Amino acid sequence: MKIGELFSVSGYGVIVTGGASGLGLGYAEALAENGARVSLLDVDPARIAEETRRLTSLGFAVRGEVVDVRDHAAIDRAFDAALAAHGRLDVVFANAGIDSGPGFMGSWAGAQRPRNPDGALERYSDERWNRVIDVNLNGIFATLRAGARIMRPQRSGRMIVTTSVAAYQCEPAIGAAYMAAKAGAAHLMRSVAQELAADQITVNAIAPGFFVTNIGGGHAKQASVQHAMSRAIPMHRVGFPEDIKGLALFLASRASAYLTGQQISIDGGWVLGAAD
């Protein structure tokens, strides 16, 4: 088989939750640009309208639907609608997630990282904790369940979960619920991968490091934050959605057919520690 055929996703039916911005939009672009038919599911109707209009104007087969992943029945309905629209479901990106608010440290990098009282454990409200778990973990569960319902009878499919390097490395600038949810999502991915392997459905995770997206109010777009993080990352730069497209295409295609239950970090070497 030629390499181009191995990575081909032409004609695939794809669903991306949280697909109207950030990494989700990067996944959607990577697949659509290579001939897949993509459904963007997102909670933001304005972004859905803007991105579907932009992508379809470029000749890509993209549709959008407003879905809150906390509404599990809505996820099921959206999956059925995408299947009807595309005629097949080959790939699911369980990507939708939210920021958990401040952690107990007030900066992302540097020699001096001040404590942040607003992120202290004793000030972490039930409402804040439950909202993050509901979106970042329970939403992943409902998305994987919806995918399995369609993929198991056809005995094929790819499901990719967006976790984070925060799934296995504590980052004190992030609220604790985010790390708990991402670690839970990583282990859920492994459990589902084990269950669905006999049905030739692969389930893997992408664990991004520091990427420039809108999450957390868009703090990663600040030049000062990018500069500080670049000094801590061995590659001396932060990540952008374009950087994740190759990995997304690999995990969605036949090239990864014998890979399942794996969490792949993409972080410019951040978790290795500063090198110079």
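Owing to the predicted nature of the structure, the values given are computational and were not obtained by experimental measurement.
Closest heavy-atom contact between F250 and S253: O-OG, 3.1 Å. Between A186 and A167, the closest heavy-atom pair is CB-CB, 4.4 Å. Nearest heavy-atom pair across I133 and A181 is CD1-CB, 3.9 Å. Here the shortest heavy-atom pairing between R47 and S21 reads NH2-CB, 3.7 Å. Nearest approach of G184 to L137, heavy atoms of both residues: C-CD1, 3.6 Å. Annotation for R128 and G119: closest pair NH1-CA, 4.5 Å, computed over non-hydrogen atoms.
With rounding to the nearest 0.5 angstrom, the CZ atom of R231 is 9.5 Å from the NE2 atom of H236. One finds the CZ atom of R254 at 10.5 Å from the CG atom of D90 (value rounded to the nearest 0.5 Å). Atom OG1 of T17 and atom CD1 of I75 lie 7.5 Å apart (nearest 0.5 Å). A distance of 7.0 Å separates OG of S156 from CD1 of I201, quoted to the nearest 0.5 Å. The structure places CD1 of I140 at 7.5 Å from CG of N95, a figure rounded to the nearest 0.5 Å. Between the CD1 atom in I266 and the CD1 atom in I206 there is a gap of 7.0 Å [rounded to 0.5 Å].
The number of heavy atoms from other shown groups lying within 6.0 Å of CZ (R115) does not exceed 12.
Under the 4.5 Å side-chain criterion, counting only non-hydrogen atoms from C-beta, Y12 is not in contact with N34. The shortest side-chain heavy-atom distance between D243 and R237 falls under the 4.5 Å cut-off. Contact check for D267 versus I233: no side-chain heavy atoms found under the 4.5 Å cut-off. Annotation: side chain of R152 is in contact with side chain of L196 (closest heavy-atom distance under 4.5 Å). M179 has its side chain out of reach of K182: every pair of non-hydrogen atoms, C-beta onward, lies at least 4.5 Å apart. Contact check for V271 versus S265: no side-chain heavy atoms found under the 4.5 Å cut-off. Residues S230 and V238 form a side-chain contact, since some pair of their non-hydrogen atoms from C-beta on lies under 4.5 Å apart.
No continuous path of hydrophobic side-chain contacts links I160 to I150 [ILVMFWY only; heavy atoms under 4.5 Å]. Under a hydrophobic clustering in which Ile, Leu, Val, Met, Phe, Trp and Tyr are joined whenever their side-chain heavy atoms come within less than 4.5 Å, directly or via other members, L89 and V203 fall into the same cluster. Cluster membership for L249 and L58, using ILVMFWY side-chain heavy atoms within less than 4.5 angstrom, is shared. Transitive grouping of hydrophobic side chains (ILVMFWY, heavy atoms separated by less than 4.5 Å) brings V62 and I244 into a common cluster. No continuous path of ILVMFWY side-chain contacts below 4.5 Å connects I15 to L247, so the two sit in separate hydrophobic clusters.
Checked by atom type and distance alone, the side chain of D199 never pairs as donor or acceptor with a backbone atom of R155 at under 3.5 Å. Looking only at distances, no side-chain donor or acceptor of T260 sits under 3.5 Å from a matching main-chain atom of T202. Checking side-chain atoms of D42 against main-chain N and O of A20 turns up a donor-acceptor pair under 3.5 Å. Remark: side-chain polar atoms of K221 are not paired, donor with acceptor, to backbone N or O of Q226 under 3.5 angstrom. N136 places a side-chain N or O within 3.5 Å of a backbone atom of I98 that can act as its donor or acceptor partner.
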Practice prompt. Give the intermediate values and the outcome of side-chain contact (heavy atoms from CB on, under 4.5 Å) for residues N116 and M105.
Written response: CA-CA 5 Å; N116 178 21; M105 282 192 174; 5.9 Å; no

Worksheet entry | Test side-chain contact (heavy atoms from CB on, under 4.5 Å) applied to R70 and V135, step by step | CA-CA 6 Å; R70 294 176 295 180; V135 174; 3.7 Å; yes

Worksheet item: side-chain contact (heavy atoms from CB on, under 4.5 Å) between E242 and E29: does it pass, once the steps are laid out?
Response: CA-CA 9 Å; E242 286 288 328; E29 289 175 341; 4.2 Å; yes

Fill in: Verdict with reasoning, L259 to I264, per side-chain contact (heavy atoms from CB on, under 4.5 Å)
CA-CA 11 Å; L259 179 74; I264 302 176; 4.1 Å; yes

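No donor-acceptor contact under 3.5 angstrom links the side chains of D134 and N130, judged on distance only.
A salt bridge between E50 and R53 is absent, with no side-chain N of the basic residue lying under 4.0 Å from a carboxylate O of the acidic one.
When T213, V16, L55 are each tested for a side chain to side chain contact (heavy atoms under 4.5 Å, CB included) with L25, only one passes: L55.
Screening residues 50-100 for ring pair (Phe, Tyr, Trp, His ring centres under 6.0 Å) gives Y27-F93 as the qualifying pairs, with residues at least two apart or on separate chains.
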Using distance only, find each side-chain donor-acceptor pair of residues 171-178 under 3.5 Å and give its atom names and separation, not counting sequence neighbours.
from, atom 1, to, atom 2, distance (Å)
E171, OE2, R113, NH2, 2.6
E171, OE2, A173, N, 3.1

